[in-house]
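So the structure is just underneath, and the comments pick up after that.
The analysis underlying the following values was restricted to heavy atoms, covering all of them including side chains, and did not include hydrogens, waters or symmetry mates. First the proteins, then the strands, lettered A, B, ... as listed; each starts at 1. The structure presented is a predicted model; accordingly, all values stated were derived computationally and were not measured.
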2 protein chains.
Amino acid sequence: MKGKATSFDIAHYAGVSQSTVSRALRNSPLVNEETRRRVHEIAKKLNYKVDKNASNLRTQQSSTLALLLFEDPTEDESQINPFFLSMLGSITRACAKEGYDLLVSFQSTSSDWHADYEDSHRADGLILLGYGDYIDYQSKLQTLLDNHTKFVCWGATVDNRPDLTVSCDNYGGGVLAAKHLIDMVRTDCAFIGDASDHSPEFFARFKGFRDTLKAKGIEVSDRKMANAISTEDSGYHATRSLIANNVKFNALFAASDLIAIGAIKALQEAGVRVPHDVHVVGFDNIAAAGYVSPSLTTVQQNTTLAGQMLVDNLLTLIRGEAVASTLLPPKLIVRQSSR
Amino acid sequence: MKGKATSFDIAHYAGVSQSTVSRALRNSPLVNEETRRRVHEIAKKLNYKVDKNASNLRTQQSSTLALLLFEDPTEDESQINPFFLSMLGSITRACAKEGYDLLVSFQSTSSDWHADYEDSHRADGLILLGYGDYIDYQSKLQTLLDNHTKFVCWGATVDNRPDLTVSCDNYGGGVLAAKHLIDMVRTDCAFIGDASDHSPEFFARFKGFRDTLKAKGIEVSDRKMANAISTEDSGYHATRSLIANNVKFNALFAASDLIAIGAIKALQEAGVRVPHDVHVVGFDNIAAAGYVSPSLTTVQQNTTLAGQMLVDNLLTLIRGEAVASTLLPPKLIVRQSSR
DNA sequence: ATACAGTCTGACACCGGTGTCATAATGTCG
DNA sequence: CGACATTATGACACCGGTGTCAGACTGTAT
């Protein structure tokens with residue numbers, strides 16, 4: 001036997017038509033039980049596998065989802081945000097559970113991304129994953145909508161955007177962080193992240209945090225805020241700049257764990273003790289949050305559930321049914337950095 | 001325009017045949033420059049994308065590679081070995097660079113994995129990634145070979161196995177670790193990992209380590225060795241069992257960073273100071289190695305290069321050219337845990 | 001004018017399945 | 001026995017491209 005076996009080969013050996021083979025292999029109730037058995041047997045013997053291209057071409061669907069991961073182009077090549085990697089893991093598992101394959105692709109937000117996976121029938125739908133720079137591809141999301149491409153986004157639900165999203169309740173997470181620090185009587189708070197609507201997720205975390213403190217009559221002054229993207233490095237430098245400006249605070253809320261880890265490093269280098277002098281709270285609960293010293297108090301995002309919801313919602317959308325954007329509850333994980 | 005545009009639609013608008021459209025879009029030198037331009041223009045206007053299924057079906061190749069990630073089934077669902085995630089990142093990038101798509105799939109070593117990606121023409125080749133349990137799927141690799149499936153494995157090159165592998169020089173890495181500890185005058189060494197050929201990679205690391213010490217007249221006694229799989233938990237418990245057995249040592253070589261992180265935790269809990277009482281050296285250089293306290297001395301595997309080599313070798317194999325298995329040089333990263 | 005090479009294009013088979021329709025074989029019932 | 005439903009199957013068009021081949025058209029040498 002040279003080359004792969006086709007359904008015609010099976011038909012030949014089974015003494016039936018190719019149509020019948022096709023039906024038998026898909027366990028159509030139309031075929032005789034005995035024929036079905038024989039066909040399956042021969043298929044197994046020939047190590048036959050349905051040609052996905054032919055099948056997909058005919059049925060006009062691919063049983064495949066595509067995951068597009070957007071990263072800040074400044075990011076170091078080899079390091080990928082561990083939070084997204086964790087999401088990737090859960091999305092992969094969720095896909096497998098639903099019988100779908102997953103195409104993975106990294107996109108640089110700076111470059112033109114041609115989300116042609118669906119147009120070219122390589123995938124039935126897209127999952128878009130990434131922090132920040134939403135504004136940049138706002139117009140591209142519109143293109144996707146115009147083309148009736150099926151897709152779900154991870155991240156903040158932005159008003160006036162009709163796309164389907166799954167996200168953590170970032171505002172609620174900020175509330176949790178603030179409440180915790182209030183409980184610890186650490187209300188002279190700094191914030192590191194991006195308190196603009198450039199990065200809607202970080203902004204929502206900040207708003208929840210700020211509003212909760214405000215309700216207690218406490219303001220987070222602009223001086224105590226520094227911008228950072230979600231990298232250790234960025235958190236480190238942002239914190240150093242606060243220290244250099246002689247800003248005082250006894251608690252620090254970082255918009256992500258990586259930022260928090262960089263912040264702790266900067267604080268420690270400056271002789272500031274964590275948690276004794278400054279309590280630190282992060283966001284995400286990446287694996288490293290448990291490893292750092294002191295271990296990091298953080299707001300956990302349930303990536304397993306998130307991946308499952310992204311896939312479920314997308315599949316529902318693909319089936320043409322109605323779905324609403326989903327908000328997942330965050331959870332506070334208290335560790336050494338805040339006690 | 002309902003549904004996606006096809007090459008026939010373009011042909012109609014351009015006033016040429018569908019054949020010409022197909023050629024024009026692929027920039028065949030056979031078509032007139034003016035025609036080519038017009039076709040491209042219309043294609044763009046119609047948002048046309050070549051149907052990959054049709055194209056793949058005809059050309060019998062998919063421009064797609066599949067990554068199969070094998071994990072210990074005991075592993076916690078949501079946590080994936082960060083080393084492999086890092087590999088995944090670099091493989092994805094390498095694929096993108098070569099113009100290939102990447103299908104990602106997690107496999108449980110315990111379950112039957114039907115590596116039918118290539119048979120079903122979903123992928124042109126496979127990349128197999130995973131620690132340990134190689135013995136379990138040895139026979140399945142043979143099946144792949146029998147079917148002439150193109151694939152590369154990450155991991156130890158095992159004698160008598162004719163498959164193509166890319167791996168870190170694990171033996172050399174073990175040598176680096178031993179030499180470093182000898183330099184630090186810490187030769188009363190323990191080893192945690194798997195010193196059987198059940199896990200060829202861990203075993204090679206151990207051999208390099210042991211042989212180097214032996215050359216100095218130092219034996220690593222069986223008492224000072226404990227088995228562990230590559231998880232923090234497993235490293236933690238293995239180390240605790242050493243401590244419980246009252247085993248003494250002033251240095252510890254762990255077969256992976258996760259094991260080392262668990263080991264440090266167990267040591268610290270037992271009141272053993274790292275690095276003062278015990279120097280610890282890990283393997284992999286995952287991101288967390290830099291975060292833990294004390295930060296972890298480790299043998300780095302260059303994942304960027306590894307991913308690139310896996311993809312390059314696989315593509316060479318697919319082209320039908322000869323390739324040899326590749327061994328990548330490890331590099332010692334000295335941090336606080338050993339000084 | 002004829003022959004011939006070079007350029008460009010269209011017709012058509014083909015990849016390997018899936019879905020539809022027609023039909024043969026068998027069973028059932030009045 | 002004829003009408004009709006049920007079951008099982010084969011023939012065939014079709015999905016949307018790609019590769020091959022034949023041929024039209026132009027320009028140039030004979």
Seminar exercise, completed: Residue set satisfying salt bridge (charged side-chain N to carboxylate O under 4.0 Å, His left out) with A/Asp101, at least two apart, ordered chain then number -> B/Arg122

Problem set entry | Qualifying residues under salt bridge (charged side-chain N to carboxylate O under 4.0 Å, His left out), relative to B/Arg37, sequence neighbours excluded | B/Glu34

Problem set entry | Pair B/Arg36 + B/Glu33: basic N to acidic O under 4.0 Å | yes

Problem set entry | salt_bridge(A/Glu118, B/Lys4) N-O dist < 4.0 Å | yes

According to side-chain contact (heavy atoms from CB on, under 4.5 Å), who are the partners of [X], at least two apart in sequence or on a separate chain?
X        : result
A/Thr20  : A/Val16, A/Ser17, A/Arg23, A/Val31, A/Thr35
B/Asp146 : B/Gln142
A/Asn53  : A/Asp51, B/Asn53, B/Asn56, B/Leu57, B/His121
B/Leu328 : B/Trp154, B/Val166, B/Leu305, B/Ala306, B/Met309, B/Thr326

Exercise. With sequence neighbours left out, what residues match B/Lys97 under side-chain hydrogen bond (donor to acceptor under 3.5 Å, both in side chains)?
Worked result: B/Gln308

Integer-rounded Å distance: [N] [atom2] and [X] [atom1]:
X        : N      : atom1 : atom2 : answer
A/Leu46  : C/dG16 : CG    : P     : 14 Å
B/His121 : C/dG17 : NE2   : P     : 9 Å
B/Asn53  : D/dT18 : CG    : C1'   : 15 Å
A/Gln61  : C/dG19 : CD    : C1'   : 14 Å
A/Asn56  : D/dG17 : CG    : P     : 14 Å
A/Arg26  : C/dG16 : CZ    : P     : 17 Å
A/Gln60  : C/dG17 : CD    : P     : 17 Å

Exercise. Phosphate oxygens OP1/OP2 of C/dT18: is one of them under 4.0 Å from a side-chain N or O of A/Thr59?
Worked result: no

Exercise. Base, sugar-phosphate, or nothing: which does B/Thr6 touch, judged by heavy atoms less than 4.0 Å apart?
Worked result: sugar-phosphate

Exercise. What is the nucleic acid contact for A/Ser7, judged by heavy atoms within less than 4.0 Å: base, sugar-phosphate only, or nothing?
Worked result: sugar-phosphate

For this session: Classify every nucleotide of nucleotides 8-14 of chain C by which part a protein heavy atom approaches to under 4.0 Å, writing B for the base, S for the sugar-phosphate alone and - for neither, in 5'-to-3' order.
Result: BBBBBBB

Seminar exercise, completed: To the nearest 10 degrees, the angle between the two end axes of the helix from C/dA1-D/dT30 to C/dG30-D/dC1 (five pairs per end) comes to 60°

